[in-house]
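Accompanying notes for the structure given below.
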Amino acid sequence: MAMEIAKFDIDSPRWDQSTFVGRLKHFFNITDPRTALVPEQELDRAKQLVDSCRAGSVPPGTSVEQLHYAKKLYDSAFHPDTGDKMNLIGRMSFQVPGGMAITGCMLQFYRTVPAVVFWQWVNQSFNALVNYTNRNAASPITLTQIGVAYVTATSTALATAVGLNLYTKKAPPLIARWVPFAAVAAANCVNIPMMRQQEILNSIAVTDENDNTLGHSRKAAIKGISQVVISRIAMAAPGMILLPILMERLESFPFMKKIRFLHAPLQVMLAGGFLLFMVPVACSLFPQRCSMSVSSLEPELRDSIVSQYGDKIRFVYFNKGL
């Protein structure tokens, strides 16, 4: 056991991150909603154990299982760039409990404009905090920029939701139930790029496979943010597309008409079921450590890398965020 601990690399992924299945196992591990209930003191102890392991001084009697669990808690609660503890609501492990409540209410209360406005505002406030928390922390953003991003994304969601809500008044009921997803998808296309605009404006650091910085690239930032937008829309799509179909069918039964007060709690629970699987699935669509061929970089950066390293470096790497 001592020999096994001595050779243990705390930062080496338990599962192959170059494959979808490997990433899926990893994200099922760190987005586990139960980690959102772990006390702050236990999270701090997990960080201390991870830091000790990195320094090569693992406390005597520590098992490999304890190290794996400590790393699980560390990855779920601490930012990969800075090592700082993330706020609870912004963590991916809080996506299921937080997202299920908001998604369920958006899908239930879609008929009136005031309800649409309120729940879209709540959702965009939640999303803004998640996007800020999971940004590439190497690119700082000012409070003014955060405010502009929040207002722009919220306005986009409200305009889409209210506009479609009014437009679909005479449409089949199922079409109206899909309005919240259209608003969420539109807002994600605005919220995430705006909240992470500094990465696009000032570029992000790109490294070789050994984490040696090679330069900064806007194209890398755009690629990473685009993948995050796709992942977030994919995260919401199954629940917000399939759940309205299911509820439209269920509400046609007489027994459902007698328990209308349970429709909202039912949608919240069903939304949670979808998110329980879709959060890790969506996070796994693309590698967290994103890669990009040198030939696809800006000409200046590409020429700089080629002049220094020749054809030894064919890909650069960067953290795309979540």
Charged N-O contact under 4.0 Å between Asp208 and Lys312: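 Not counted as a salt bridge, because no side-chain N and carboxylate O are separated by less than 4.0 Å.
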Whether Arg218 side chain and Ile200 backbone form a donor-acceptor pair below 3.5 Å: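 Flag set: sc Arg218 to bb Ile200 pair under 3.5 Å.
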Side-chain donor/acceptor of Arg91 to backbone N/O of Met86, under 3.5 Å: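 Checking the backbone N and O of Met86 against the side chain of Arg91, a donor-acceptor pair under 3.5 Å is found.
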From NE2 (His79) to CG (Asn87), nearest 0.5 Å: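 Going from NE2 on His79 over to CG on Asn87, the span is 10.5 Å.
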Evaluate whether atom [atom1] of [X] has more than 12 neighbouring non-hydrogen atoms of other residues, nucleotides or ligands under 6.0 angstrom away.
X: Lys25; atom1: NZ; result: no
X: Tyr167; atom1: OH; result: no
X: Ile233; atom1: CD1; result: yes
X: Arg54; atom1: CZ; result: yes

Aromatic ring pairing Phe28/Phe277, orientation class (parallel under 30°, perpendicular over 60°, tilted between):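 Rings of Phe28 and Phe277: perpendicular, over 60°.
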Mutual orientation of the aromatic rings belonging to Phe118 and Trp121 [parallel < 30°, tilted 30-60°, perpendicular > 60°]: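 Correct class here is tilted.
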side-chain hydrogen bond (donor to acceptor under 3.5 Å, both in side chains) between Gln308 and Ser304, intermediate numbers included: CA-CA 6 Å; Gln308 293 183 64; Ser304 173; 3.2 Å; yes
Nearest heavy-atom neighbours spanning Ala186 and Thr156: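 Smallest heavy-atom distance, with atoms named: O-CG2, 4.0 Å.
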For Phe109 against Ala264, the heavy-atom pair lying closest together: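 Here Phe109 and Ala264 meet closest at CZ-CB, 4.0 Å.
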Same apolar cluster: Leu37 and Met100, side chain cutoff 4.5 Å: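 Hydrophobic grouping puts Leu37 apart from Met100.
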Leu174 reachable from Phe253 in the ILVMFWY side-chain graph, under 4.5 Å edges: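 Phe253 clusters together with Leu174.
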Donor-acceptor side-chain pairing of Glu248 and Ser252 below 3.5 angstrom: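 Short answer, no.
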